[in-house]
A.B. asks: 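One structure is given below, represented as structure tokens, and several questions about it will come after.
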There are 2 protein chains.
Amino acid sequence: MYQGTEAAVGPAAEICERIWLSIAERRLRPGTRLKEEQLAEVFEVSRARVRQALAMLESDGLVTILPNRGAFVAEPGVHEARDVFHFRRQVEARVLERLTDSIDETAIPRLEAHLALEREADAKGDKTAIIRLSGGFHLLLAELSGSTFLVSMLRDLISRSTLIATMYRRQVDHNCGPDEHAALIEAIRASDLAEAVRLMDDHLCHVEDELDLTEAVSVLRDLREALV
Amino acid sequence: MYQGTEAAVGPAAEICERIWLSIAERRLRPGTRLKEEQLAEVFEVSRARVRQALAMLESDGLVTILPNRGAFVAEPGVHEARDVFHFRRQVEARVLERLTDSIDETAIPRLEAHLALEREADAKGDKTAIIRLSGGFHLLLAELSGSTFLVSMLRDLISRSTLIATMYRRQVDHNCGPDEHAALIEAIRASDLAEAVRLMDDHLCHVEDELDLTEAVSVLRDLREALV
DNA sequence: CCCAACATGATTGTCGACATTTTTGTTGTC
DNA sequence: GACAACAAAAATGTCGACAATCATGTTGGG
């Protein structure tokens, strides 16, 4: 996901990917401290790499870095959560606008190929792959829109969405199945912008609706803010 | 601007600020190569600092980093330019929503203090200060909205807006005067969301309307892309 | 017994030197 | 004279060691 769906952009992105996955799989809880040395040991890379990765993760809102104190898995509040979903809908809509406006011949096959991977992972029950591909689908849409700006914006928002989902969802799991993605592809193939946007909004609202975005802030967050 | 309106977040932010100002003042043109050693010499800092700053600038869309090749002042295309202004309007609207919803007592005085600085710089004709404060006003609005997410999003968009303005504006200068900012403060004081959003949209459209966002892409950009 | 000042350990921040890659200039051959 | 292969120079990328800073545990005084 982090390296996009294309070639790797660097070794640091792999660290980002693995940390992001750990967060998505709830192995790393919000508020957890991320010691550089420790991460360097685990990933078998130099500490400089880890610092690089942590800086990237911070700009994507996944970790919070306190100067001279260390990095922590971020704990977005409910306000931020709402903003993230709000703007994600806007960005995804813009992406669909671009895709339905000028459609590329190679776009549909690539989307279907991705969808096939999703279905395969779904059948196997490979949770890690499901999470990775689920985010990757939306990122692929942005890439196919041809705008690097939309890609970078959406990657940021997807990262944040993932973290928010792990913090505020009440039910255990429910990763969005590939079926909604399939419907989206159909709408894009038909160049039906209105339908595509509707499907996308529904798709994203399904995720948001399962969250408990009341004012119940986590205890950990209060502790951290009190310390700062 | 880069360090926000508050305390400095680090020494690297100062480098970012100075490079951003150089771009805004058209001393650094889009496409210009930014050699690390050279920058380190100019700013009298270590090369590691420069690398850190360049990485931040890349995530803000001001520079493009090509692996093993170096950093260049970015050259956003017209599509990206339109997207940036599109989303900037959305984000600024969200900020105003927050501000007019729950208004803070200290907000208005801080805005007026900032406005006073703008007027002072305007009277003196201090172009550098005008640029810095002009972006800073919008960033201050975001900070007063209480959302760190909106702040980081808007900082990104303001950086990109600045670069786009230097690339595509036909007239020489026209930095938005402080008067439009004053009107905005009034609307916020009156908690008049609709009026505030209208003023903001006009304000941003004034900037966008002076741009020549036709398909005329710069020659340099084509060269770079051909090389990559 | 509690609090403050200090000393220690752990962790982050910084810098300079070295390795790798790219670019450019040169040379030799066709 | 043009092109290709090679060599030298310059720039970026990487790493390890040292310095600065913060958290913790200890000790001495009130």
Side-chain angles (χ1 to χ4, degrees), chain A residues 2-3 7-19 28 31-60 62-75 220-228, chain B residues 2-4 7-19 22 28-29 31-60 62-75 220 222-228:
Chain A
Y2 249 88
Q3 354 203 41
V9 289
E14 195 191 320
I15 314 289
C16 289
E17 170 98 12
R18 292 181 63 177
I19 291 179
L28 276 178
T32 307
R33 176 160 187 190
L34 302 170
K35 295 184 189 177
E36 298 179 351
E37 226 167 355
Q38 189 178 328
L39 293 173
E41 203 176 339
V42 171
F43 295 131
E44 292 176 344
V45 296
S46 75
R47 202 163 65 90
R49 272 264 159 72
V50 173
R51 285 178 71 80
Q52 199 179 337
L54 288 175
M56 294 170 79
L57 289 169
E58 190 198 22
S59 77
D60 279 357
L62 278 182
V63 311
T64 303
I65 293 179
L66 299 151
N68 288 319
R69 257 181 252 191
F72 303 81
V73 178
E75 298 169 285
L220 278 175
R221 175 146 190 88
D222 291 334
L223 279 175
R224 167 95 7 74
E225 286 188 342
L227 285 173
V228 179
Chain B
Y2 247 88
Q3 353 203 40
V9 290
E14 194 191 320
I15 313 289
C16 290
E17 170 98 11
R18 290 182 65 176
I19 292 179
S22 294
L28 276 178
R29 299 295 176 85
T32 306
R33 179 161 185 189
L34 301 171
K35 296 182 187 175
E36 298 179 352
E37 226 166 356
Q38 190 177 328
L39 292 173
E41 203 176 339
V42 171
F43 294 131
E44 293 177 340
V45 296
S46 75
R47 202 162 64 88
R49 270 268 154 74
V50 173
R51 284 178 70 80
Q52 200 179 337
L54 287 174
M56 293 170 81
L57 289 168
E58 190 199 22
S59 78
D60 279 357
L62 279 183
V63 312
T64 303
I65 293 178
L66 298 146
N68 288 322
R69 255 178 255 190
F72 303 82
V73 178
E75 298 170 286
L220 276 175
D222 291 335
L223 281 175
R224 167 96 7 77
E225 286 188 342
L227 285 172
V228 179

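Every chain is numbered from 1, with letters handed out A, B, ... down the list of sequences. On a predicted model such as this, the values are computed, not experimentally measured, just so you know.
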A.B. asks: Could you tell me the separation between the CD atom of A/Glu41 and the P atom of D/dG16, rounded to a whole number of Å?
C.D. replies: 14 Å
A.B. asks: Side chain of B/Pro11: nearest nucleotide among C/dT22, C/dT14, D/dA23?
C.D. replies: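 Comparing C/dT22, C/dT14, D/dA23 against the side chain of B/Pro11, the answer is C/dT14.
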A.B. asks: Whole-Å distance between C/dG9 C1' and A/Glu37 CD?
C.D. replies: 12 Å
A.B. asks: Counting any heavy atom closer than 4.0 Å, what does B/Leu34 reach on the DNA or RNA strands: base, sugar-phosphate only, or nothing?
C.D. replies: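 Sugar-phosphate contact only - B/Leu34 comes under 4.0 Å of backbone atoms but never of a base.
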A.B. asks: Rounded to the nearest 0.5 Å, what's the gap from CZ on A/Arg18 to CG on A/Leu28? Could you check?
C.D. replies: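 Those atoms lie 11.5 Å apart.
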A.B. asks: Using the closest heavy atom to pick a nucleotide of DNA chain D for each, name whichever of A/Arg49 or A/Arg33 lands nearer the 5' end.
C.D. replies: A/Arg49
A.B. asks: Would you classify A/Arg47 as touching base, sugar-phosphate or nothing, given that sugar-phosphate means primed atoms plus P, OP1 and OP2, and contacts are heavy atoms under 4.0 Å?
C.D. replies: base
A.B. asks: Round to a whole Å and report the spacing from CD of B/Gln52 to P of D/dT12.
C.D. replies: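 In whole Å, D/dT12 P lies 16 Å from B/Gln52 CD.
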A.B. asks: Whole Å only: how far is the CD atom of A/Gln38 from the C1' atom of C/dT11?
C.D. replies: 12 Å
A.B. asks: Any side-chain heavy atom of A/Leu54 within less than 4.5 Å of one from A/Leu39?
C.D. replies: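 In short, these two side chains touch, coming nearer than 4.5 Å.
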A.B. asks: Check the distance between C/dT11's P and A/Leu54's CG and give it to me in whole angstrom.
C.D. replies: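 Value for this atom pair: 15 Å.
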A.B. asks: Separation of B/Ile15 atom CD1 from C/dT14 atom C1', in whole Å?
C.D. replies: 14 Å
A.B. asks: Rounding to an integer number of Å, can you tell me how far B/Leu66 CG sits from C/dT21 P?
C.D. replies: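 Rounded to whole Å, this separation is 17 Å.
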A.B. asks: Please state how far atom CD in B/Glu36 lies from atom C1' in D/dA10, giving the value in whole angstrom units.
C.D. replies: 12 Å
A.B. asks: Would you indicate whether the side-chain heavy atoms of B/Leu62 and B/Ile19 approach each other to under 4.5 Å?
C.D. replies: no
A.B. asks: Return the 5'-most residue of the pair A/Asn68, A/Ser46 with respect to DNA chain D, ranking by each residue's nearest nucleotide.
C.D. replies: A/Ser46
A.B. asks: Does a side-chain heavy-atom distance below 4.5 Å link B/Leu34 with B/Val63?
C.D. replies: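 Touching, per the 4.5 Å side-chain cut-off.
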A.B. asks: So, does B/Arg69 get its side chain near the phosphate of C/dT23, meaning an N or O under 4.0 Å from OP1 or OP2?
C.D. replies: yes
A.B. asks: Can you tell me if B/Arg29 uses its side chain to pair, donor with acceptor, with the backbone of B/Val73 under 3.5 Å?
C.D. replies: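 Not confirmed, B/Arg29 side chain does not pair with B/Val73 backbone.
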A.B. asks: Under 4.0 angstrom, heavy atoms only, what part of the nucleic acid is B/Arg51 near: base, sugar-phosphate, or nothing?
C.D. replies: base
A.B. asks: Of the nucleotides C/dT21, C/dT11, C/dC15, which one has an atom closest to the side chain of B/Ala48?
C.D. replies: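 Among C/dT21, C/dT11, C/dC15, the one nearest the side chain of B/Ala48 is C/dC15.
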